[in-house]
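Right, one structure below, let's go through it.
When reading the values below, keep in mind they use all heavy atoms of this one structure, side chains included, and skip hydrogens, waters and symmetry mates.
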Amino acid sequence: MLRRRKNKAPPLPPICPLTECMRLLGGVWTVDIVWRLSGEPRRFSELRMDIPKISAKVLSARLRALESNGVISRTVVASSPPSVEYALTELGRALIPVIETIVDVGKRLVRMQQRAS
């Protein structure tokens with residue numbers, strides 16, 4: 001029987017930062033919404049046009065969740081009729097380099113797969 005070796009790694013924090021970040025980005029369409037808001041604030045209808053396959057119900061739920069998690073802000077615009085704009089917060093903007101890195105890795109994987117076939 002093998003002896004179990006002693007763990008010399010420092011203890012992990014009680015809450016994993018990676019898990020928390022992935023919890024924010026893990027929902028379906030969440031990354032798409034954050035990515036679309038990276039350029040400028042967008043209205044609900046603009047986001048619907050940007051992401052044609054998302055339903056209004058799901059978009060509304062994702063926007064509410066992102067707002068409650070502090071990733072986006074919701075601003076009522078005084079116009080006729082009144083409208084709402086969504087924009088990234090400082091936390092939301094901090095996610096953009098992460099998403100860009102994931103996109104870069106994805107592009108490399110696609111190129112590797114294309115060379116292999």
Side-chain angles (χ1 to χ4, degrees):
M1 178 183 269
L2 288 176
R3 247 206 228 159
R4 190 171 187 177
R5 69 180 178 176
K6 208 171 199 173
N7 185 356
K8 295 177 183 176
L12 295 173
I15 298 174
C16 176
L18 178 61
T19 300
E20 289 304 303
C21 186
M22 294 311 295
R23 184 181 59 79
L24 274 179
L25 293 176
V28 177
W29 301 112
T30 302
V31 173
D32 296 86
I33 294 167
V34 171
W35 185 253
R36 298 297 177 175
L37 290 173
S38 67
E40 61 184 0
R42 311 286 286 162
R43 294 181 177 175
F44 185 89
S45 60
E46 293 171 327
L47 289 168
R48 281 287 317 272
M49 286 187 285
D50 290 343
I51 313 167
K53 293 184 181 181
I54 193 171
S55 70
K57 180 180 177 180
V58 171
L59 177 57
S60 181
R62 292 296 174 262
L63 289 170
R64 265 189 257 111
L66 287 168
E67 183 183 13
S68 70
N69 287 319
V71 176
I72 65 170
S73 62
R74 180 182 185 271
T75 306
V76 178
V77 179
S79 62
S80 181
S83 63
V84 175
E85 281 189 346
Y86 297 93
L88 293 177
T89 62
E90 187 177 329
L91 175 62
R93 286 189 298 278
L95 293 170
I96 298 304
V98 173
I99 295 170
E100 288 173 339
T101 301
I102 293 169
V103 167
D104 289 342
V105 171
K107 287 177 182 177
R108 278 194 242 158
L109 289 170
V110 167
R111 284 194 300 268
M112 286 172 48
Q113 290 170 353
Q114 288 171 343
R115 282 191 291 249
S117 34

(message) For a 4.5 angstrom cut-off between non-hydrogen side-chain atoms, does Ile96 reach Leu88?
(response) yes
(message) Could you check whether any side-chain heavy atom of Val84 comes within less than 4.5 Å of a side-chain heavy atom of Phe44, counting everything from C-beta outward?
(response) no
(request) Say whether, by atom type as modelled, one donor and one acceptor occur between the side chain of Asn7 and the main chain of Ala9 under 3.5 angstrom. (result) yes
(request) With sequence neighbours excluded, give me every side-chain hydrogen bond (donor to acceptor under 3.5 Å, both in side chains) pair touching residues 10-19. (result) none
(request) For residues 26-41, pull every pair meeting side-chain hydrogen bond (donor to acceptor under 3.5 Å, both in side chains), keeping only residues two or more places apart or in separate chains. (result) none
(request) Working to the nearest 0.5 Å, report the span between CG of Leu59 and CG of Leu63. (result) 4.5 Å
(message) Could you report the tightest heavy-atom contact between Glu85 and Pro41, atom names first, then the distance?
(response) OE1-CB, 3.8 Å
(request) Heavy atoms only: give me the nearest Leu25-Val31 pair and the separation to one decimal. (result) O-CG2, 3.7 Å
Using a 3.5 Å cut-off and no angle test, enumerate the donor-acceptor pairs between side-chain atoms of residues 47-57 and protein atoms at least two apart in sequence or in another chain.
from  : atom 1 : to    : atom 2 : distance (Å)
Arg48 : NE     : Ile54 : O      : 3.3
Asp50 : OD1    : Arg42 : NH2    : 3.0
Asp50 : OD2    : Arg42 : NE     : 3.1
Asp50 : OD2    : Arg42 : NH2    : 2.7
Ser55 : OG     : Val58 : N      : 3.2

(message) For Ile15, I'd like to know if atom CD1 has over 12 heavy atoms of other residues, nucleotides or ligands within 6.0 Å.
(response) no
Review item, side-chain donor-acceptor pairs of residues 100-107, under 3.5 Å, at least two apart:
from   : atom 1 : to    : atom 2 : distance (Å)
Thr101 : OG1    : Pro97 : O      : 2.9

Check residues 72-81 and write down every donor-acceptor pair under 3.5 Å in which the side-chain atom is one partner and the other belongs to a residue at least two apart or another chain.
from  : atom 1 : to    : atom 2 : distance (Å)
Ser79 : OG     : Pro81 : O      : 2.8

(message) Just to verify, what does Ser60 make a side chain to side chain donor-acceptor pair (under 3.5 Å) with, not counting sequence neighbours?
(response) Arg64
(message) Going by salt bridge (Lys or Arg N to Asp or Glu O under 4.0 Å), name the pairs with one or both residues in residues 6-26, residues two or more places apart or in two chains.
(response) Glu20-Arg23
(message) Do Val28 and Leu95 sit in one hydrophobic cluster, given that two such residues count as connected whenever their side-chain heavy atoms are within less than 4.5 Å of each other, even indirectly?
(response) yes
(message) Apply the hydrophobic cluster definition, ILVMFWY joined by side-chain contacts under 4.5 Å directly or through others, and give me every member besides Met22.
(response) Leu18
